[in-house]
There are 2 protein chains.
Amino acid sequence: MTTVETGTTVGIREVAEHSGLSVDALRWYERERLLPRAPRGPDGRRRYPERLVGFVRLVVALRRTGMPVADVREFVTLADEGAASHGRRMALLERQRENILRQQAQLADDLAAVGHKIGHYRELIVAGLDCEGLPVAPEVAAAQRLTTVQTERTAS
Amino acid sequence: MTTVETGTTVGIREVAEHSGLSVDALRWYERERLLPRAPRGPDGRRRYPERLVGFVRLVVALRRTGMPVADVREFVTLADEGAASHGRRMALLERQRENILRQQAQLADDLAAVGHKIGHYRELIVAGLDCEGLPVAPEVAAAQRLTTVQTERTAS
DNA sequence: GTAGGAGCTGGAGTGCACTCCAGCGCAAGG
DNA sequence: CCTTGCGCTGGAGTGCACTCCAGCTCCTAC
């Protein structure tokens, strides 16, 4: 990635806010070579040019869709080769696209499974039945309809 | 979960093969109370009734869609209460359904981002241009089209 | 000038979700 | 009877991807 430092640049804080990565993670990513090195300003601070900000976004998407950091590193290493690695980079992304499509299919299945179970509970509640299909006792009926989960997690 | 042990049961190996969890993970899940305890046969081995096999599948789907084990444990703990916790269990699943929908939206975005980048590379390759829009040198053109990624990962 | 905030670097620490290991028992087959 | 394979339990270990910490510099505002 030939960074010609023209145009606007943004600091690490702003990149973090827009990318979903933490400031620490951005630094770690650079150290781990998951991102090209961001140029430094005269004060030693990172200044991300627009192009690099876009690259961060792509890397975040690759991570978010499950690409291991070793593979991301490979992608970034290829990027250092310039145009000579376009085809290989493209192939890497095409493989990831296949992965994403698989995840989408799996997610649809899982959504259906969860939805099916929700429907099952709803039917039981409406009919006032327990899991064996027997009527629930009157003193249980109110509790059966309760949807409030009393946990400390709710408070946070 | 009132397990009436009638009907067929399957051993841990078979449950592992069909659930996507390893045998070790199934044991860990039970120990961590992410699954109800599977009844043991006369030889001390786990025998999973059909109902429990279905529950394993649901728990796997919840994990796969990002539910932390602490929340899965909560879900399982509620299941111990029988019909009295139907509503609360349903609410938990409804929240997870919302999460899954969010993931689907995010995945679609990420797919689009990857696809867009793939298209970008393809255009550059077809036009024989580099990232700056300049024609690539003849000795680079062949490499630019290469899609074979030479890594040890490919061999495994 | 001083204080405070932001960011730098290098190194250590952490959280999460498993996976591996060791010793044991049981059952089937030779 | 012996061997082998499967599964049990409890405890330790591991991999992955960050996050935290400490000491430092620079810059701005008071």
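Summarising the geometry, the separation between CG on A/Asp43 and C1' on D/dC26 is reported as 7 Å, rounded to the nearest angstrom. Look at OH on B/Tyr48: it is 12 Å from C1' on D/dC8, rounded to the nearest Å. Between B/Arg37 atom CZ and D/dT9 atom C1' the separation is 11 Å, expressed in whole Å. The CZ-P distance, from B/Arg40 to C/dA27, rounds to 16 Å in whole Å. We find that CZ of B/Arg45 is positioned 18 Å from P of C/dC24, with the value rounded to whole Å. Between the OH atom of B/Tyr29 and the C1' atom of D/dT9 there is a distance of 20 Å, given to the nearest Å. For the pair B/Leu62 CG and C/dA17 C1', the computed distance is 16 Å after rounding to whole Å. The separation between B/Arg33 atom CZ and C/dA17 atom C1' is 19 Å, rounded to whole Å.
A salt bridge is defined here as a Lys NZ or Arg NE, NH1 or NH2 lying under 4.0 Å from an Asp or Glu carboxylate O, and A/Arg122 with B/Glu94 meets this definition.
Between A/Ser22 and D/dT19, a side-chain N or O to OP1/OP2 separation shorter than 4.0 Å is present. Within the 4.0 Å cut-off from OP1 or OP2 of D/dG10, not a single side-chain nitrogen or oxygen of B/Arg31 is found. In terms of phosphate contacts, A/Arg46 brings a side-chain nitrogen or oxygen within less than 4.0 Å of OP1 or OP2 of C/dT9. Distances shorter than 4.0 Å separate some side-chain N or O of A/Arg63 from OP1 or OP2 on D/dC18. Contact check, B/Arg27 against D/dG7: no side-chain N or O comes under 4.0 Å of OP1 or OP2.
A/Tyr121 and B/His86 have tilted rings, their planes meeting at an angle from 30° to 60° on a 0 to 90° scale.
Here the CZ atom belonging to B/Arg51 is positioned 5.0 Å from the CD atom belonging to A/Glu132, to the nearest 0.5 angstrom. Here the OG1-CD distance, from A/Thr77 to A/Glu74, works out to 7.5 Å after rounding to the nearest 0.5 Å.
For a distance-only test at 3.5 Å, the side chain of B/Arg13 fails to qualify as a donor-acceptor partner of the base of D/dC6.
Between A/Pro42 and B/Asp24, the residue anchored nearer the 5' end of DNA chain D, judged by the nucleotide with its closest heavy atom, is B/Asp24.
The listed nucleotides are D/dT19, C/dA17, C/dT19; the one nearest the side chain of A/Trp28 is D/dT19.
B/Val10 and B/Val53 get closest at one heavy-atom pair: CG2-CG2, 3.7 Å.
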